[in-house]
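Since the model is a prediction, treat every value here as computed from it, not as a measurement. The chains referred to below are lettered A, B, ... by the order of the sequence lines, with proteins before strands, and numbering in each begins at 1.
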Amino acid sequence: MKEGQVDARFRGGSPDMRKGAEKGHAAGLSVALTFLSAGPVIILIALVVILTFSVPNFFTPRNISNILAQIAVIAVVALGQHLVILTRGIDLSVGANLALATVLGALMYRVTDTAFVVMATMLLAGAAVGAVNGLVYVYGRLPHPFIITLATLSIARGLALELSIGHTTMRGMPATITVIGGGTSFAVPNSFFVVLAVAALMFVIARYMVWGRWIYAVGGQPDAARRMGIPVNQVIVSTYLISGLCCGVGAILLSGRTEAGSPLYGNLLELDTIAAVIIGGASFLGGRGHLGHALVGAVMIGVIRNALNLLNVNLYFQLIAIGVIIVMAVESDVLRNHLEARMRVKQAGTQG
Amino acid sequence: MKEGQVDARFRGGSPDMRKGAEKGHAAGLSVALTFLSAGPVIILIALVVILTFSVPNFFTPRNISNILAQIAVIAVVALGQHLVILTRGIDLSVGANLALATVLGALMYRVTDTAFVVMATMLLAGAAVGAVNGLVYVYGRLPHPFIITLATLSIARGLALELSIGHTTMRGMPATITVIGGGTSFAVPNSFFVVLAVAALMFVIARYMVWGRWIYAVGGQPDAARRMGIPVNQVIVSTYLISGLCCGVGAILLSGRTEAGSPLYGNLLELDTIAAVIIGGASFLGGRGHLGHALVGAVMIGVIRNALNLLNVNLYFQLIAIGVIIVMAVESDVLRNHLEARMRVKQAGTQG
Amino acid sequence: MTKPVLEVRSAHKRFGAVHALKGIGLMAYRGEVLALLGDNGAGKSTLIKCVSGVHELDEGDILIDGDKVLIHNPAAARSAGIETVYQDLALFDNLTPAENFYCGRELSFPRWLPRCARFLATRQMDSEAAAVIDRLKVKLPGFDAQVALMSGGQRQAIAVARAAVFARKVVILDEPTAALGLRESRKVLNLIAQLRDEGNAVILITHNMEHVVELADRAVVLRQGHKVGEIEKPNRSNQQDLVAMIVGAE
Amino acid sequence: MTKPVLEVRSAHKRFGAVHALKGIGLMAYRGEVLALLGDNGAGKSTLIKCVSGVHELDEGDILIDGDKVLIHNPAAARSAGIETVYQDLALFDNLTPAENFYCGRELSFPRWLPRCARFLATRQMDSEAAAVIDRLKVKLPGFDAQVALMSGGQRQAIAVARAAVFARKVVILDEPTAALGLRESRKVLNLIAQLRDEGNAVILITHNMEHVVELADRAVVLRQGHKVGEIEKPNRSNQQDLVAMIVGAE
Amino acid sequence: ADVKLGFITKFPVPFFATMENAAKAYAAANPGVEIIYGQGASATDVEGQIALIESMSTQGVQGIAITPVDPTVASALDKAIASGVKVVLMDNSIPGWDKAAALATTDNYNAGKIAGQYLKSVLSAGDTLGILEGVPGVPALDDRVKGMLEGLGGLTVEVVGRSGTNCTEELGISVAEDLLTANPDLKAIYAACGPPAAGAARAIKNAGIAPDKVVLVGFDFCCGEEEALTAGVEDATVAQFPAKMAELGVDALVRAISGEDVPSLIDSGAALVTLENMSDFK
Ligand SMILES: Nc1ncnc2c1ncn2[C@@H]1O[C@H](COP(=O)(O)OP(=O)(O)OP(=O)(O)O)[C@@H](O)[C@H]1O
Ligand SMILES: Nc1ncnc2c1ncn2[C@@H]1O[C@H](COP(=O)(O)OP(=O)(O)OP(=O)(O)O)[C@@H](O)[C@H]1O
Ligand SMILES: [Mg+2]
Ligand SMILES: [Mg+2]
């Protein structure tokens, strides 16, 4: 908002910028700065530390494993959502998309119990809805993706309800999917490894591949991207496609965890994933933000919900507490950013 | 998206721009242009004409009166939402805010049955939540209003539930409120007159008052607004406050219509109102768009839902149909815009 | 010499690791054009942004008519009588030229209401803005078109005209002719002269030596955040000294 | 005379009611600097935007090396060998200078993959971009800082350098020195000379007559969308004619 | 057709689909009856139901059978009644509103009691109980919890958790997992609707707890509870008879329109379902 703030935000946003000033100098400041510049992660760590000491059973292997399983779906879908937000877009359809994918997967399971085919069905379904979002938005020259993704939210939910036999939860998933979505390895949920794998893949794309660079360019300055010959339309469509694909992955995880497909899955997932991205510290401005943000945000949401459940906080009060804690988390990150900026000035001063 | 499109959008967005070129010239073109430049309204009219001929009972006084009553809440809240969107913001809390206001109103009714006090309670409650949104966003220097309004969504819903504990129903409203929200005058719902009054007031503010000009300035170029000495923070806070106040008005209308308060009211109202604003043709870019847009969008949504109900389309298929029709409506407006731009070029050509 | 209307004393400003101003002092007098020169990145824009309230100084003072003032936001600067034409113009793309003109200082009525609650005197603003634009002889594609669609020069002309209308004490222009054609440049230079003659202190940032020689009564040169020199009455003969100062001893 | 590498024939362009180009023709030859002059709003930027694919012409043809080509997007123009420095620079505020340099034409490997799926040759791009920036002697606050925080001049320098790196046939510069200091302006002028000597056709839009006289081999003047004149070898003696053409008979 | 009726259900879950199908069967069996159908979008879609009531009146129905999602649809029903439409409520009543011709319902409170009585029979004093609530604020679902607590009838159990699940399986799993983490020795879980009951069963399985260590009681007998009962993770659930409820409700409506007297309360009943008697309820 304020002009002075811009600097801080940019600095927070780009890991590249930090390298510049970090050579030699007053050790204490430097340590504090390295710490502060870790960004929203330290807010998360602080949160975890507080909860560990105040909530019984919180920091136990079993509970950690639970949390990881609980956030897997939000995290995967938030990664896709983040790509869309990087290009100044928004994908409201993620929840309905995921539900439709699980229903189609469950239907396919009635035809064949080959895990591969069922998984492919879910991925394809997710990607298809994403592609519709992207294509209609870009080639329909709509003013904003809000409309089309709101429309596919409605359409996908309707389709999922219509297609699901008896309009209900459809039991049954191939064993492989159940293992992926519900199993654990070394006491860690398999779904968490899937999240890590998707995140790693996205990170490589965003950071080391031409296409990722284009996403940032399109998000940063769409006009300039077009003038530099970047296929802006295709890049935008691709982000919606990937977001849809992530819904497909989320569908595999969720239907594996519940051994079922259901048209009611993914309710309000759009708000959760957008919140995760923003809490993680990304910006609606486009072209700014690290994919890790989405993960941090998703974990933060999961940790808060879990702790409130463990504390047996009354249902209505949970709603209030979640709201308050989320604002506090984001606000601490804002303050952290300011502190960092101020210390950086001080550091520069000591260097002369 | 495309650069060429920018012109068309600006032209669509601002009624001021149109005056320039409209003097003399080939009559046919001119008539067509006047028609086209009416904007999303003509899409709405086209929709109504189609529905009149295809849906029995649609264009009957009673049904029209029903539609007007059904959209009143969305329309009033969408007007406030529009102000927020004009400053590049978003208010996700509107639905929960409205629910909380109806609950507080119903509780106040248990204390006193003076309509004035109950109404004042609802308006104050709405404005208070809005003020929290604005103040925390601006003075907490949050990067985006998404977070704080999502948080107050959660908090207000939780508070409303918490407050209504122990009351199986919150039925009962003072007679005046019932008349305002549920009565009719000359076969037209009174709530519709309230919508018109709020819209007229907002129109005067936005168009003829200094404060309205500042809203457009802040939305257009926040940095420049600050440099020109506009109290940007206060202007932003005020839009959230007004949005909250509109929720209070919506609460009066809804609780008058249902003669009750409920913590469940206003579910997904945030998506409906944002959709209304965007369907009406406003832009997320900030500083662009006519307040009438929000009304047109709300009516469009109401008309579509009503027609689907009259046609007895089943819920699943309704979800699909609503999605499709909304995209089609927005897409027709995009095409209308292009047609208008092209005809304008042609018209300029004929003038030499 | 008379008292300076604006004085800056040992101003320091840092952006993170960048030390943009390193103890700069400056005086501007009424009825005089002060040229502020320096190569790209010298700190010119930063200095004037501090004076006009966009940034706050880390150290140093700003004095107006000899009194220390705290300028912590642009509104304060404007009400202290400092008008600025920013390098990035600070125009509202979504408004018309007339609306841009008066933005933040709308003519309005009735007087007894608080500012924000008053009604806009639209007609009066339109006609006054039209008169100024007319005086500057700028051609606009349509007076009620949005600024977004105007050419770079047209935009610059609007920004300069805006500052001229409200000038009271100090007018700062950050490269006002950079995007202007010959005709428009000439008009702006005439306007600057006029502002000076009306008793304003004009601070002109420019890279154009012709304009400096033609208009400036004094020139201050910045280099890498330092003030490296000051020349009275720049003219053809000491122009080379100025250039040497700007470019630095090489 | 040799064949023009770029030719525009009777170009028309309208924006709504504004007729920005009214039948303009233009030729540019290799090894020559063509100055495109005209007052604000004359249509210069519109013309070159049509050539570089940002806008499409309503009527008229564009010929490259004598062949009619359809330039319906900027990628087409770039691959036809036309590089452009836009008046608004078209930089990415969220990227570093090196990333800006190669944006849209990243160096990448392995070659057999489709472009978008390749990996970025980051190190190579960084060092090559650094070399160019070095050659232009632009001082940047840090080579891995985001462009958003750089001064107007630094930004302009980056945009010009970017075009220089990829120049193959035609280089168009829309007021490249408008925001530049003396030293940087000089560097850009030298660069333009160098681009010309390397056999490019350079089209230079500027309001600075000094630069025209110093560099241009030919000057074309636009006024209100018309081409009103063309002068070979502009110099001190016919400079007045040029100015008269630009400003129009008054 | 002789009579035209509106049939409005709450939101898309199998329970209401079953009701709708029963109504369709009724219409098929009685050629003089034409029914048009409507459904709200979610468990909190009050405005949607109101719009449906209004548009059905517009279409000239003579009667409306409705499962009111919230007491506050009453004033819309008032208007319909004022224009000569008969109303029958199904599934749950509207407290303090007595203009309905009849109410066909499973009394959710009584049905909750059945679950409570079962729990009383297997738990002992001081045992821990976790509750997975339905949608916060929906009276019918709240009643299921209140009734269960009443059904425990003096047995003092320690309620160690009450969380909302929005009647979804996803939240059911998460909340049940957290319950089990916070209370490793948890004795019993009660879920107020079907999907979270299935979710709780999965959470127990995932936690590697022996199926007989935790008593799991659900409600609705749907959405995966069958499998959970078969697997022995879920111990009991309460079934309603939606088809019967719908049939009785529509029948009462038709009779009320033709001027007959109908009983004002029609209980379609509820029953405890366990592994043994499960096959009777499919
Ligand atoms: N908001 C900011 N954040 C960080 N650094 C900044 C900021 N604004 C300016 N700088 C840096 O401060 C230095 C001085 O910049 P300034 O804009 O004052 O230069 P200038 O003299 O106006 O140059 P030009 O003639 O190119 O406009 C530059 O190195 C610039 O990168
Ligand atoms: N996208 C657009 N939409 C509408 N009108 C436009 C658009 N772009 C330019 N114009 C108009 O076309 C005319 C020519 O503008 P252009 O930018 O080509 O001028 P220019 O010669 O580059 O001027 P300058 O020297 O100020 O940059 C102007 O009147 C301008 O307002
Ligand atoms: Mg500057
Ligand atoms: Mg131009």
Practice task
Output the distance between atom CZ (A/Arg213) and atom CG (D/Leu120), rounded to the nearest 0.5 Å.
Solution key: 5.0 Å
Handout entry: D/Phe109 atom CZ, neighbour heavy-atom count above 12 within 6.0 Å
Key = yes
Completion exercise
dist A/Met209:CE -> D/Leu113:CG (nearest 0.5 Å) comes out at 8.0 Å
Practice task
Determine the option with the most heavy-atom pairs under 4.5 angstrom with chain A, choosing from D/Pro74, D/Gly53, D/Ser52.
Solution key: D/Pro74
Completion exercise
Closest heavy-atom pair, D/Asn94 versus A/Gly287, reported as atoms and distance to 0.1 Å, is ND2-O, 2.8 Å
Handout entry: Separation between CE of A/Met228 and OH of D/Tyr86, rounded to the nearest 0.5 Å
Key = 5.5 Å
Practice task
Taking the side chain as every heavy atom from C-beta outward, state whether D/Leu95 and A/Tyr216 have any pair of such atoms under 4.5 Å apart.
Solution key: yes
Handout entry: Contact check, side chains of A/Trp211 and D/Arg118, non-hydrogen atoms, under 4.5 Å
Key = no
Handout entry: CD1 on A/Ile230 to CZ on D/Arg115, rounded to 0.5 Å
Key = 9.0 Å
Practice task
Could you tell me which portion of A/Val235 (side chain, backbone, both or neither) has an atom closer than 4.5 angstrom to a non-hydrogen atom of chain D?
Solution key: neither
Practice task
Return the minimal non-hydrogen interatomic distance between A/Trp214 and D/Cys116, and the atom names on each side.
Solution key: CZ3-CB, 3.8 Å
Handout entry: D/Asp88, part contacting chain A, at a heavy-atom distance under 4.5 Å
Key = side chain
Exercise for the section: Count the heavy atoms belonging to other residues, nucleotides or ligands that lie under 6.0 Å from CG of D/Leu70, then report whether that count exceeds 12. Expected result: no
Exercise for the section: Go through D/Ser108, D/Ala117, D/Ala77, D/Ala76 and name the one with the most non-hydrogen pairs under 4.5 angstrom from chain A. Expected result: D/Ala117
Completion exercise
Applying a strict 4.5 Å limit to non-hydrogen atoms, the region of D/Leu91 in contact with chain A is backbone
Problem - Test item: A/Arg227 and D/Thr84 side chains (from C-beta on) under 4.5 Å apart, heavy atoms - result: no
